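Sequence lines set the chain letters: A, B, ... in the order given, protein chains first and strands last, and positions in each chain run from 1. In this text, all values refer to a predicted model and were calculated from it rather than measured experimentally.
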2 protein chains.
Amino acid sequence: MTEAQPLYARVKDHILTQIRSGSWAPGARVPSENELVESFGISRMTANRALRELHAEGYVARVPGVGTFVKEPPARGSLMELRNIAEEIEARGHRHSSRIVARAEVTATPALTEDFEMKTPQRLFHIVIVHEENGVPVQIEDRYVNPFAAPRFMAQDFSATTPTAYLVAAVPVDELEHTVEAVMPEPAQQELLGISANEPCLALRRRSWSRGHVVTLATLTYPASRYALYSRYKTSARGTIAQ
Amino acid sequence: MTEAQPLYARVKDHILTQIRSGSWAPGARVPSENELVESFGISRMTANRALRELHAEGYVARVPGVGTFVKEPPARGSLMELRNIAEEIEARGHRHSSRIVARAEVTATPALTEDFEMKTPQRLFHIVIVHEENGVPVQIEDRYVNPFAAPRFMAQDFSATTPTAYLVAAVPVDELEHTVEAVMPEPAQQELLGISANEPCLALRRRSWSRGHVVTLATLTYPASRYALYSRYKTSARGTIAQ
DNA sequence: CGCAGTATACTGTATAGACAACCTTATACA
DNA sequence: TGTATAAGGTTGTCTATACAGTATACTGCG
């Protein structure tokens, strides 16, 4: 079950764990390559690769002749927060309801295998839910979940809790990816949303990571006439970012 | 002037140049590590590093036992940042061109007066530009600009500089608002983009503020088939996400 | 005390060699 | 003909070593 991990990945994991747990605060010194050589019993090139990749991924800063240090977490306001559609609807004073359309355990297709950054196809949870605002469908949530990240996902009662709400509470998210595009919905989707044949939809595709692994891939389809995505934020003052 | 570049960087540059110029089309085979060893006179570890980093950066796909191949470049715009479409297109190794469709000074309609947070209707600069990627239209930029914020806006040569580039340089932006929706374009827009009647578009509406005043309102219309908006970021909280 | 020179630690790059895992193709065999 | 086997190419990882460049700490000299 536990896949044999390359040595450099084990070193990266060890360091990331310390950073994420807070044991090593921003600015703290990360063991030098030679120290990692000693403690892990590896060669310096392997330690170098681990630290170099952590640098490329933005977790640490490296200063030649001095050392490697934990970086300040990025001070960006999240453009699109991980918001719960039920809360959004209720915040507008409307009534949220949902209907579960599909609920199954599937084997990842090649495309999904890549989306989840897996080497080989694995089992995935799959769920399709239609969210309604005052009884009118406003979103199709088509979601795949990594069972290793959220093993108890399928046991939830999604008429009481939305998948987003459960996942946010159950798994710490440390990276998000959003892709937005305009699509013409499939006939099946048109029927679920109760829209006419030529109405475009907004498709928001969201992947979230936790501890370096993809937790979930959600495709949220909104009928154009009933929804728009919105964000407003102040541009953070630059100058505090050490690099 | 020409900085001494590390060997692996030279190999990366060489490959990226071929990809960006189109000499190596998506799907084409990239020289194997051993071929790079021969042609560049380097060791395999150096060739491996070049290809490995290109893989991490998303430019190539690597298949063990088979080879390395040029990946399809994603046609994506940035959702979070105030990016310049010309730069985005050029970053993909494609050619950017633009065509000015309209250029006028107008009086704000009631709706625009509200958008610009003005009490009474004022004069506004208005410009419509079609941006093209390799000669294919990918964006209609329909922009209004507040003359008080950027009085010299209309004097710019927009065949050389995009409006975004000029405004970012000329006016410090300290607040941004984005609204994204799916729309069916007007017939005039269909013609400008050269798309069929039933192709949906992504409409990104962006307002930006400087010192409390609305500087510009831009409506960017992308044909669905040619563009998606993208963002990916690390969430700031590490280890402390309790909710 | 101040300063120059030196030693040391750390990162950055590069090499040569080795072994494993994987895929494709050609070959030999039944 | 169909199948098993072998060979060769490719990526993936790891080691041991080397040298260069940079920053810091120490040491001895003036």
Rounded off to whole Å, could you give me the OH-to-P distance for the Y8(B) and dT15(C) pair? 13 Å
Taking atom C1' of dT15(C) as reference, at what distance in whole Å does atom CZ of F40(B) sit? 17 Å
Using 30° and 60° as the class limits, which term best fits the ring planes of H14(A) and F40(A): parallel, tilted or perpendicular? perpendicular
May I have the distance from L36(A) (atom CG) to dT15(D) (atom P), rounded to whole angstrom? 12 Å
Gap between atoms CZ and C1', on R49(B) and dA16(C) respectively (whole Å): 17 Å
Nearest heavy-atom contact between A108(A) and T113(A) is CB-OG1, 3.6 Å
Check whether any side-chain N or O of S32(A) sits under 4.0 Å from OP1 or OP2 of dA9(C), and answer yes or no. no
Side-chain touch R211(A)/P172(A), heavy atoms, less than 4.5 angstrom: yes
The side chain of R29(B) lies closest to which of these nucleotides: dT11(D), dT15(C), dT10(D)? dT10(D)
Nearest-Å distance for atom pair CD/C1', residues E38(A) and dC10(C): 14 Å
Going by the rule side-chain contact (heavy atoms from CB on, under 4.5 Å), which residues pair with T107(A) if we only count those two or more places apart in sequence or in a different chain? P121(A), R123(A)
Please list, pair by pair, any protein nitrogen or oxygen found under 3.5 Å from a nitrogen or oxygen in nucleotides 17-22 of chain D.
residue	atom	partner	partner atom	Å
dA18(D)	N6	R44(A)	NH2	3.3

Between T164(A) and T162(A), is any side-chain donor less than 3.5 angstrom from a side-chain acceptor? no
DNA chain D contacts among residues 51-60 of chain B, heavy-atom distance under 4.0 Å: none
Just by distance, no angles: are the side chains of N48(A) and R44(A) close enough, under 3.5 Å, to form a donor-acceptor pair? no
What integer distance in Å separates E35(B):CD from dG8(D):P? 17 Å
Mind calculating the distance between CD (E33(B)) and P (dC22(C)) to the nearest angstrom? 17 Å
Using the ring of each side chain (for Trp, its six-membered ring), is Y222(B) parallel, tilted or perpendicular to Y227(B), with breaks at 30° and 60°? parallel
Between dC14(D), dG12(D), dC10(C), which nucleotide gets closest to the side-chain atoms of R62(B)? dG12(D)
Tell me whether the OP1 or OP2 atom of dC10(C) has a side-chain N or O from T68(A) closer than 4.0 Å. no
Apply ring-ring contact (aromatic ring centres under 6.0 Å, His included) to the pair F153(A) and F158(A), showing each step before the final yes or no. CA-CA 10 Å; F153(A) 179 76; F158(A) 291 123; 4.9 Å; yes
Rounded interatomic separation in angstrom, taking CG from N48(B) and P from dA18(C): 18 Å
Is the closest side-chain donor-acceptor distance between E177(B) and T179(B) under 3.5 Å? no
Between dT11(D), dT15(C), dC10(C), which nucleotide has the shortest distance from any of its atoms to the side chain of L7(B)? dT15(C)
